[in-house]
Visitor: 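First the structure, which I've put down as structure tokens, then a few questions once you've had a look.
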Amino acid sequence: MKIGIFGGSFNPPHKGHQRLAAESAKAVGLDKVIIIPSCIPPHKSSGALVSAEDRLNMCRLAFDSPLFEVSSIELDRGNKSYTYDTLKQLKEIYPEDELYFIVGSDMLSSFRQWFRWEDILSMCTLLASSREEGFLPDYSPYTDEQKQKIKFTDSSPFEISSTQIRIRLKSNMPCDEFLDERVTEYIRNHGLFDDEYDSYRIIMREMLDTQRLYHCECVSESAGELAKLYGADVEKAKLAGLLHDITKRMPAEEQLSLMGEITPLEKNNYKVWHQMSAPVFLKEKDIITDEEILSAIRWHTTGKADMTLLQKIIYTADFISADRSYPDVDTVRKLACFSLEHAMLYTCRYTVKDLVNHDRPVHPATFELYNDLLRHFGM
């Protein structure tokens, strides 16, 4: 038999996963595809994962077809999920069958960093699915023999990730387009992906539209990931990210009354108002009293010199959140994983250039941030 293996955190499994597995099977004539929820993916934080049992149950609902077999092989091992270990175990179960390991083409760029990647290729054919029209794979790092073990198929685009779906669920946004209705029902019935921020969301829903709520959830998610990466307080980062735009849609008169004395430049630049009105509103309403969170919200738009770690995280998270789609966003996301300061210098240049090109005023604090970053890098 020709057996496909499709692993992932499936947190939750969505229609993109279903489509990739089905289209890959059709492309090379697989007899079945084994769906394997991972225990603890080595390249991901496990903090956002729901339980193994819930992910297994959701996979059984999402992949309910004779073509698919949902396996708990990695969950039963109960430790980090390395592809090599899984394939070695499957080779013992299916010694005479051909194994095809299904991945997205984006994973191929990091494949040679995987644990025992050469042994992986000796045990299976890597079946990489491209979502880009005219995609040309780079075979240069591989030997002729290894090239024979890497195949490419085309897959229909699916422009959303599990992270974005989790955010949509928290935002009470519809997910019918992205999730099997039985998976959605399971999530709702079991209270999956809930956190302790619903009391804040009740207030936010009264003040913000759906798209702005979604943006705030995206920033919260990004801020949490950056906090884990750089050793900041994760809960403070997520909460500051969630609330950073809470006064964005507040009437001008109300915002001005909260801000008190501001400069003529600030008065004529309403796009910075919410970073000044939000911390005052949150404190006066006794919603947030933590000064570290309030100050991170206060400077998330313009930035400033001598920013704290949390302030840097919220400033950066606002640029790299999952809903952002400006031309350089992927570059900034990569920089943020390497260095907050590198990402901030890039975005600071980007912001100043954009404002100048459109003859808009640049807040002095942004110039101060830019100069401070140059000093940081000894420039």
Side-chain angles (χ1 to χ4, degrees), residues 212 215-216 219-220 222-223 226-227 230 232-233 236-237 239-250 252 254-284 288 290-321 324 326 328-329 331-332 335-336 339-379:
R212 184 56 52 178
H215 169 69
C216 290
V219 174
S220 178
S222 293
L226 289 176
Y230 291 103
D233 188 306
K236 286 187 179 184
L239 191 51
L242 183 67
L243 296 169
H244 77 289
D245 274 357
I246 192 167
T247 57
K248 187 82 172 183
R249 300 289 183 256
M250 181 179 282
E254 292 183 41
Q255 289 201 62
L256 288 169
S257 68
L258 288 169
M259 289 185 285
E261 187 175 346
I262 59 175
T263 67
L265 183 146
E266 288 172 332
K267 190 169 185 179
N268 291 326
N269 187 1
Y270 71 92
K271 289 192 173 184
V272 305
W273 288 5
H274 67 289
Q275 79 161 15
M276 295 184 285
S277 60
V280 180
F281 170 80
L282 289 167
K283 192 170 185 177
E284 284 189 356
I288 295 291
D290 188 306
E291 290 295 337
E292 190 177 7
I293 294 175
L294 294 172
S295 69
I297 294 172
R298 170 64 180 86
W299 297 106
H300 79 267
T301 302
T302 63
K304 71 180 188 72
D306 299 316
M307 293 178 79
T308 66
L309 177 58
L310 186 61
Q311 288 169 348
K312 290 178 180 180
I313 284 171
I314 303 306
Y315 174 90
T316 305
D318 197 18
F319 274 97
I320 66 169
S321 58
R324 294 297 196 191
Y326 58 91
D328 293 357
V329 66
T331 299
V332 180
L335 287 172
S339 160
L340 284 174
E341 289 76 20
H342 277 87
M344 292 171 68
L345 181 58
Y346 194 99
T347 57
C348 206
R349 287 172 177 156
Y350 184 97
T351 300
V352 171
K353 183 179 179 180
D354 183 67
L355 290 172
V356 170
N357 285 344
H358 291 88
D359 292 324
R360 293 173 183 164
V362 182
H363 196 285
T366 303
F367 280 129
E368 291 169 8
L369 171 61
Y370 177 69
N371 290 331
D372 189 51
L373 290 166
L374 291 181
R375 286 192 294 272
H376 173 82
F377 290 109
M379 300 167 68

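Keep in mind that the numbers below use all heavy atoms, side chains included, and drop hydrogens, waters and symmetry copies. Start at 1 with the first residue, then count along the sequence.
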Visitor: Contact between Pro364 and Leu265 at the side-chain level, heavy atoms closer than 4.5 Å - yes or no?
Guide: yes
Visitor: For residues Gln311 and Lys304, determine if any side-chain heavy atom of one lies less than 4.5 Å from a side-chain heavy atom of the other.
Guide: yes
Visitor: In Å, rounded to the nearest 0.5 Å, how long is the span from CD1 of Ile293 to CD1 of Ile314?
Guide: 9.0 Å
Visitor: Roughly how far, to the nearest 0.5 Å, is the CZ atom of Arg298 from the NE2 atom of His244?
Guide: 14.5 Å
Visitor: Do Ile262 and Leu256 have side chains that approach each other closer than 4.5 Å (heavy atoms only, starting at C-beta)?
Guide: yes
Visitor: List the residues meeting ring pair (Phe, Tyr, Trp, His ring centres under 6.0 Å) with Tyr350, not counting sequence neighbours, and say none if there are none.
Guide: Tyr326
Visitor: Kindly give the heavy-atom pair with the smallest separation between Ala252 and Trp273, and that separation in Å.
Guide: CB-CZ3, 3.5 Å
Visitor: Listed by chain and number, what are the ring pair (Phe, Tyr, Trp, His ring centres under 6.0 Å) partners of Phe319, not counting sequence neighbours?
Guide: Tyr315
Visitor: Can you measure from OG1 (Thr351) to CZ (Arg349) and round to the nearest 0.5 angstrom?
Guide: 12.0 Å
Visitor: Does Val272 reach the side chain of Met276, with side-chain heavy atoms less than 4.5 Å apart?
Guide: yes
Visitor: Distance only, no hydrogens: is a donor on one side chain within 3.5 Å (strictly under) of an acceptor on the other, for Gln275 and Thr302?
Guide: yes
Visitor: Sequence neighbours left out, what passes ring pair (Phe, Tyr, Trp, His ring centres under 6.0 Å) with Phe367? Give chain and number order.
Guide: none
Visitor: Is the shortest side-chain heavy-atom distance between Ile297 and Leu243 below 4.5 Å?
Guide: yes
Visitor: How long is the span from the NZ atom in Lys248 to the CD atom in Gln255, to the nearest 0.5 Å?
Guide: 9.0 Å
Visitor: Test: side-chain hydrogen bond (donor to acceptor under 3.5 Å, both in side chains). Region: residues 359-369. Which pairs qualify, not counting sequence neighbours?
Guide: Glu266-His363
Visitor: Do Val219 and His300 come close enough that some side-chain heavy atom pair is under 4.5 Å?
Guide: no
Visitor: Do the side chains of Leu373 and Glu341 get nearer than 4.5 Å, heavy atoms only?
Guide: yes
Visitor: Which atom names give the shortest non-hydrogen contact between Ala343 and Val332, and what distance separates them?
Guide: CB-O, 4.1 Å
Visitor: How close do Ala365 and Gly303 get, heavy atom to heavy atom, and via which atoms?
Guide: CB-O, 3.2 Å
Visitor: Can Asp245 and His274 be said to form a side chain to side chain contact (heavy atoms under 4.5 Å, CB included), step by step?
Guide: CA-CA 7 Å; Asp245 274 357; His274 67 289; 3.1 Å; yes
Visitor: As a test of understanding, state which of Thr316, Leu335, Asp372 forms a side-chain contact (heavy atoms from CB on, under 4.5 Å) with Met344.
Guide: Thr316
Visitor: Show your reasoning for whether side chain to side chain contact (heavy atoms under 4.5 Å, CB included) applies to Ile313 and Leu340.
Guide: CA-CA 7 Å; Ile313 284 171; Leu340 284 174; 3.9 Å; yes
Visitor: What residues, two or more places apart in sequence or in another chain, satisfy ring pair (Phe, Tyr, Trp, His ring centres under 6.0 Å) together with His342?
Guide: Phe338, Phe377
Visitor: Could you tell me the separation between the CG atom of Leu282 and the CG atom of Leu258, rounded to the nearest 0.5 Å?
Guide: 10.0 Å
Visitor: Nearest 0.5 Å please: distance from the NZ atom of Lys236 over to the CG atom of Leu310.
Guide: 7.5 Å
Visitor: Check Asn357, Val356, Leu355 against Lys353 for a side-chain contact (heavy atoms from CB on, under 4.5 Å) and give me the one that passes.
Guide: Asn357
Visitor: Any idea which heavy atoms bring Ala227 and Ala237 closest together, and the distance?
Guide: CB-CB, 3.6 Å
Visitor: With sequence neighbours excluded, what pairs up with Glu254 under the side-chain hydrogen bond (donor to acceptor under 3.5 Å, both in side chains) test?
Guide: none
Visitor: Measure across Ala317 and Leu226 and return the closest heavy-atom pair with its distance rounded to 0.1 Å.
Guide: N-CD1, 3.9 Å
Visitor: Are side-chain heavy atoms of Leu374 and Leu345 found at a separation under 4.5 Å?
Guide: yes
